[in-house]
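Below is one structure, written out as structure tokens, with a few remarks after it.
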Amino acid sequence: MRRMTVADIRKMKAEKKPIAMITAYDYSSALIAEKAGVPMLLVGDSLAMVMHGHETTLPVSVESMILHAQMVMRGSKQALIVVDMPFLSYATEQDAVHAARRIMQEGGGHALKLEGGVEVVPMIRRLTEMGVPVMGHLGLTPQSQHQIGLRVQARDEQAARKLVEDALTLEKAGAFAIVMEVVPAELAALIARLVSIPIIGIGAGAGCDGQVQVWHDVLGIFDGKSPRHAKRFAEIGEMMTKAVAHYVSDVENKSFPTSAQSATMNAEILAEIERDYR
Ligand code: KIV
């Protein structure tokens with residue numbers, strides 16, 4: 001099968017085919033996502049937390065995004081790869097072009113995602129004019145979490161109207177899709193009806209054209225509470241912990257390795273070497 005394109009993703013909306021997107025941060029997760037048939041992968045700046053152990057997405061650098069995009073690209077043959085632009089890397093049009101050039105040429109992603117509404121329109125316009133497919137990100141935008149908090153966004157009339165305006169403006173500016181994070185489901189569904197580009201929800205209800213989730217949430221890699229919008233489709237973290245603990249106990253009680261995991265050699269040669277060293 002050939003590689004998915006932005007046009008294919010837009011066609012999915014036109015054909016009312018729900019779009020499943022998931023984050024991937026490295027070669028092995030990209031291989032798995034590929035086997036599972038995910039049409040669009042996000043090298044999300046959530047890697048700051050789940051891969052690098054930071055508290056927020058803010059410390060991520062362009063270099064980190066390039067490195068993780070390279071890993072994902074090596075594991076993927078068919079998905080459209082969208083890469084997040086880090087915090088403040090698109091503060092001006094010039095910054096945006098500079099960061100986009102590095103992420104796409106060195107990292108190899110096919111499209112970029114950036115957060116914000118009307119305020120990022122000049123950057124989206126500039127990038128799309130230069131041939132860069134851009135995905136917008138509205139609602140709970142984690143790069144502005146110190147300003148807006150990590151709560152449900154756009155609940156009151158004024159904020160809801162602004163969200164609608166932002167989505168329409170991003171579409172006009174050339175965005176090929178928009179991630180809509182943690183907003184009321186009815187509002188996200190209305191926006192999905194008002195725009196022609198796909199609305200990819202995360203915590204934005206079933207009325208979106210597609211869904212995006214964080215790899216670690218879907219697979220249940222960390223213990224403790226997952227975000228409300230996430231569904232754990234497996235408990236891989238628990239399975240991994242059990243497997244590693246089993247390995248440790250097998251090494252400690254000498255039941256691993258066995259002859260099945262070992263190579264052998266000619267006993268006479270070995271005896272001769274041993275004699276020489278006695
Ligand atoms: O970085 C990320 O993982 C994201 C998703 C939450 C949409 O932007």
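We count ligands from 1, going down the list as the structure has it; atoms in each ligand are counted the same way.
- Ring planes of His68 and His52: tilted class, angle from 30 to 60°.
- A distance-only check finds no donor-acceptor pair linking the side chain of Gln153 to the backbone of Leu140 [under 3.5 Å].
- By the 4.5 Å side-chain criterion applied to Ile, Leu, Val, Met, Phe, Trp and Tyr, Phe87 is assigned to a cluster that also includes Leu58, Leu88.
- For Arg228, there are no side-chain contact (heavy atoms from CB on, under 4.5 Å) partners at least two apart in sequence or on another chain.
- Under a 4.0 Å N-O distance rule, the pair Arg126/Glu129 qualifies as a salt bridge.
- By the side-chain contact (heavy atoms from CB on, under 4.5 Å) test, Arg161 is found to be paired with Glu157, residues two or more places apart in sequence or in another chain being considered.
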Would you mind writing out a table of all protein N or O atoms found under 3.5 Å from any N or O atom of ligand 1, naming both atoms and giving the distance to 0.1 Å?
residue: ligand 1; atom: 1 (O); partner: Asp45; partner atom: N; Å: 3.1
residue: ligand 1; atom: 1 (O); partner: Asp45; partner atom: OD1; Å: 3.0
residue: ligand 1; atom: 1 (O); partner: Ser46; partner atom: N; Å: 3.0
residue: ligand 1; atom: 1 (O); partner: Ser46; partner atom: OG; Å: 3.3
residue: ligand 1; atom: 1 (O); partner: Asp84; partner atom: OD2; Å: 3.1
residue: ligand 1; atom: 3 (O); partner: Ser46; partner atom: OG; Å: 2.5
residue: ligand 1; atom: 8 (O); partner: Lys113; partner atom: NZ; Å: 2.8

